[in-house]
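Contents: one structure, followed by commentary.
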Amino acid sequence: DVKVTQSSRYLVKRTGEKVFLECVQDMDHENMFWYRQDPGLGLRLIYFSYDVKMKEKGDIPEGYSVSREKKERFSLILESASTNQTSMYLCASSLSGKGGLGYGYTFGSGTRLTVV
Amino acid sequence: GNSVTQMEGPVTLSEEAFLTINCTYTATGYPSLFWYVQYPGEGLQLLLKATKADDKGSNKGFEATYRKETTSFHLEKGSVQVSDSAVYFCALSGSSARQLTFGSGTQLTVLP
């Protein structure tokens, strides 16, 4: 069964810490995405990547960075965690191109991050 | 640009009731349309999809028909169960886009 795996389901970090959220997919997908989900705000795109070492800003990139050194792995980095980054973080992947997107995304199970 | 408008929630139904969650979209060209479901504490799972006009996607008793003339993709189920309680997201992939566009999600609660 194809999978997107997020390294942690629950994470508690302190304000000011550098936080790494890891996402690995085993489907050889070109595209990978990071979203955050907050009550009443739906899904908001943070960053995405269409290829190794490529990254593009989404709608809310401030306070975040990403790394994609290998095709299967896409990391989200909170440079200095703040309480307003407490959220559910969702990773997703997809094939590229119009035909690829026609299959939709595969999502990971999410990481619920609490910053105290 | 592309957009998806979903029925406002939350929606509360009794078990065995009929479900409709409305979804309309704006997109150029011929998008593919999706419904995702998110159970409590989980990520999103693809529920069903349709890639061209008049296609009907179906899965687990849920159905949605791609209606180009009304730019709609409403989700329906004839008899809901308590286990269907979840958040449902409508989404589209536009012909020139490289990402999915999501609706805001509709919370469904089914009471026994």
Side-chain angles (χ1 to χ4, degrees), chain A residues 1-10 21 23 25 27 29-51 54-59 87-113, chain B residues 1-10 21 23 25 27-53 55 57 59 64 66 73 75 86-107 109:
Chain A
D1 197 14
V2 294
K3 276 189 176 177
V4 175
T5 302
Q6 294 186 231
S7 54
S8 305
R9 292 297 301 273
Y10 299 94
L21 302 183
C23 176
Q25 50 95 3
M27 297 165 284
H29 282 176
E30 293 83 8
N31 302 334
M32 297 188 75
F33 307 86
W34 274 106
Y35 288 85
R36 67 177 280 178
Q37 183 180 22
D38 301 288
L41 297 177
L43 298 171
R44 293 184 290 169
L45 182 63
I46 305 171
Y47 267 97
F48 54 99
S49 169
Y50 297 137
D51 202 350
M54 283 188 56
K55 60 184 178 184
E56 293 198 30
K57 293 179 180 179
D59 301 318
S87 186
M88 170 73 111
Y89 290 87
L90 294 166
C91 177
S93 70
S94 77
L95 291 167
S96 65
K98 179 179 186 301
L101 264 187
Y103 293 96
Y105 290 175
T106 301
F107 281 87
S109 298
T111 296
R112 185 163 293 283
L113 172 68
Chain B
N2 298 333
S3 68
V4 175
T5 302
Q6 264 185 256
M7 174 175 167
E8 292 272 338
I21 301 178
C23 172
Y25 68 89
T28 55
Y30 301 93
S32 295
L33 300 172
F34 307 87
W35 277 101
Y36 283 84
V37 59
Q38 184 181 32
Y39 298 105
E42 300 290 328
L44 279 70
Q45 303 173 25
L46 180 64
L47 180 59
L48 53 84
K49 69 182 176 87
T51 56
K52 62 182 189 296
D55 267 2
N59 186 26
Y66 186 161
F73 193 54
L75 182 68
V87 181
Y88 293 82
F89 291 89
C90 185
L92 70 83
S93 67
S95 55
S96 59
R98 302 181 77 173
Q99 311 154 27
L100 297 188
T101 299
F102 288 90
S104 55
T106 302
Q107 172 77 55
T109 302

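Within every chain, numbering begins at 1; the chains are lettered A, B, ... in the order of the sequence lines, protein sequences first and strands thereafter.
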Practice task
Rounded to the nearest 0.5 Å, what's the gap from CD on B:Gln99 to CZ on A:Phe48? Could you check?
Solution key: 4.0 Å
Problem - Trace of the side chain to side chain contact (heavy atoms under 4.5 Å, CB included) decision for B:Glu42 with A:Arg9 - result: CA-CA 9 Å; B:Glu42 300 290 328; A:Arg9 292 297 301 273; 3.6 Å; yes
Handout entry: Qualifying residues under ring-ring contact (aromatic ring centres under 6.0 Å, His included), relative to B:Tyr36, sequence neighbours excluded
Key = A:Phe107, B:Phe102
Exercise for the section: Let me know if A:Gln37 has heavy atoms under 4.5 Å from chain B in its side chain, its backbone, both or neither. Expected result: side chain
Completion exercise
Cut-off 4.5 Å, heavy atoms of chain A, and the answer for B:Gln38 is side chain
Problem - Residues that A:Arg44 engages under side-chain contact (heavy atoms from CB on, under 4.5 Å), provided they are two or more places apart - result: A:Arg36, A:Asp38, A:Leu41, A:Ile60
Completion exercise
Shortest non-hydrogen pair, A:Tyr105 vs B:Leu100, comes out as OH-N, 2.9 Å
Fill in the blank from the handout: So, the part of B:Leu46 with a heavy atom under 4.5 Å from chain A: the answer is side chain
